[in-house]
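See structure below.
Side chains included, hydrogens not; waters and symmetry mates left out as well; all remaining heavy atoms used. In what follows, chains are A, B, ... by sequence order, proteins preceding strands, each numbered from 1.
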Number of protein chains: 2
Amino acid sequence: MTISTKEKIFYISLDLFSQKGFSGVSIREITREVGIKESSLYNHFSSKDEILESIFNFFREDFSKTLPPLETLNEILQKHSVKSFLRAGLHNFKKYMEDETGQKMWRLLQVEQFRSPLAREIILHDLYGKTIEFLEIVFTKFIEFKKIRPYNPKVLAIEYQYPVFSLLTEYNILKFDGKGTAEVEKKLEQHIDFFLNTILEK
Amino acid sequence: MTISTKEKIFYISLDLFSQKGFSGVSIREITREVGIKESSLYNHFSSKDEILESIFNFFREDFSKTLPPLETLNEILQKHSVKSFLRAGLHNFKKYMEDETGQKMWRLLQVEQFRSPLAREIILHDLYGKTIEFLEIVFTKFIEFKKIRPYNPKVLAIEYQYPVFSLLTEYNILKFDGKGTAEVEKKLEQHIDFFLNTILEK
DNA sequence: ATTATAAGCTAACGATCGTTAGTTATAAAG
DNA sequence: CTTTATAACTAACGATCGTTAGCTTATAAT
């Protein structure tokens, strides 16, 4: 399985945009890395903007697959303890974010968020919104099943997820500088422990 | 009290950089808004890079003043309940972030974080590091004074502050689009309530 | 009153920007 | 074998980039 020129452009653009921002990267820089002349790029994308757009659209579709479908949720929730469910979810999330493409997407969204309305939409609606919405359902069911103490499920979702987002920001910067991330991963563990402690039935 | 040309350049650059990123703003765009010719800018700053650098340095100094000095801390902590202390701190923090300059600084740091090592340093060391360090001391003392249940104070600091950071991200995007922020402020209240609930002596 | 300094101006430098027109090579489809 | 489509190429377009040289003017110190 080989990689097409269009895909090369896509991934190299993602890499460069995520580091230097859309405006900080030239068509010539992209095509130099791809190994083609700048005019050839327009055989694959109609403009520089279209490259960015295709990256954002790809991320939206890709990210929507990371949350398990609601149909299988009841089954999953009854099989697992709260603890193992959260840990499993975290494991998924970490895998996604340790993935290089995932990291670059996350970075790109951050650096383009005030230039691109679509980036803002993705951050608020997809990343934040969909994740919290999902967790809200999860905690609602956990409460139904009397696996955790009753509490506003949306608040629980936020209390669990928002520290994770901040930790991801930290993680991403450390990773970018090639520094160790053990400290952040420890914080993540401690956060889950703290959270479990407060919601589990005594 | 009038505003100097140098200050005009500073604030207009901050405004533009925070929206479009450093690379997305030209000297001509800055000087057009300031109302001078582009060559005149170089009477005040030696290069475009120096403008950005001066903005970052200003933020570092300015932000360091937002945390109360440690000397006065014992006194403050004994006068206030945990609840009123956290609410007061939050009030300060909100005031700083509702301030237009504060918002733009925060945005600028985000959009430049992967282009500028200094931006990353400020985010990790100043914004995250200093804040958590301060709160760690606060919670240590609260535990000493038996105002809250004993728990790893660093974990408490993170549990309190990291959701606030994520809420700020949300707040900043909504504010940027001119949308209402009531929802986010409600989440902030709920977060404090949740947190207080879990740490206060029963 | 003279001088020095600061801060504005005009004009231009070479470099680079995104994009296009026109051409050529390759390979699949008829 | 010819046609067609895809994707590479060369060359160039006008626009804009950050920055500089050299000149003028207003302000303030000597």
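- Contact between the side-chain N/O atoms of A:His44 and the OP1/OP2 oxygens of D:dA8 is found at a separation under 4.0 Å.
- A straight line from NZ of A:Lys37 to C1' of C:dT23 spans 16 Å, rounded to a whole angstrom.
- When the P atom of C:dC17 is taken as reference, atom CD1 of A:Ile30 falls 10 Å away, rounded to whole Å.
- For the pair A:Lys8 NZ and D:dA8 P, the interatomic distance rounds to 9 Å; values are reported in whole Å.
- For B:Ser26, the side-chain atoms get nearest to D:dG18 when compared with the rest of D:dA12, D:dG18, D:dC9.
- Side-chain to base pairing of A:Asn43 with D:dA8: one donor and one acceptor N or O lie within less than 3.5 Å of each other.
- Distance A:Ile36 CD1 to D:dC9 P: 7 Å, rounded to the nearest Å.
- C:dG18 atom C1' lies 14 Å from atom CD of A:Glu50, rounded to whole Å.
- In this structure, the side chain of A:Arg120 engages the main chain of A:Gln113 through a donor-acceptor pair within 3.5 Å.
- B:Val25 comes within contact range of the sugar-phosphate backbone alone, with a heavy-atom separation under 4.0 Å but no base atom that close.
- Environment of CD in A:Glu100: sparse, with no more than 12 heavy atoms of neighbouring residues, nucleotides or ligands closer than 6.0 Å.
- Counting only heavy atoms from C-beta on, B:Lys48 has its side chain closest to D:dG18 among C:dG8, D:dT20, D:dG18.
- Closest approach to the B:Arg28 side chain among C:dT20, C:dC9, D:dC17 is made by D:dC17 (side chain taken as heavy atoms from C-beta onward).
- Comparing D:dA8, C:dC9, C:dG18 by their nearest atom to the side chain of A:Tyr42 picks out C:dG18.
- Listed for the A:His191 side chain is a donor-acceptor partner under 3.5 Å among the backbone atoms of A:Tyr160.
- Place B:Glu38 and B:Thr5 on DNA chain C by their nearest nucleotides, and B:Thr5 ends up nearer the 5' end.
- Residue B:Glu61 qualifies as open at atom CD: its count of foreign heavy atoms under 6.0 Å is 12 or below.
- Atom-to-atom, CG of B:Leu41 to P of D:dT19 comes out at 9 Å; the value is rounded to the nearest Å.
- Whole-Å rounding puts the B:Phe45 CZ to D:dT20 P distance at 16 Å.
- Counting only distance, with no hydrogens or angles, the side chain of B:Lys104 and the backbone of B:Tyr11 share no donor-acceptor pair below 3.5 Å.
- Across all strands, A:Ser47 comes closer than 4.0 Å only to sugar-phosphate atoms, never to a base (heavy-atom distances).
- When the side-chain nitrogen and oxygen atoms of A:Ser40 are compared with OP1 and OP2 of D:dC9, one or more of them lie within a distance under 4.0 Å.
- Look at CG on B:Asp49: it is 10 Å from P on D:dG18, rounded to the nearest Å.
- Distance from the side chain of A:Ser39 is smallest for D:dC9 among the nucleotides D:dA12, C:dA11, D:dC9.
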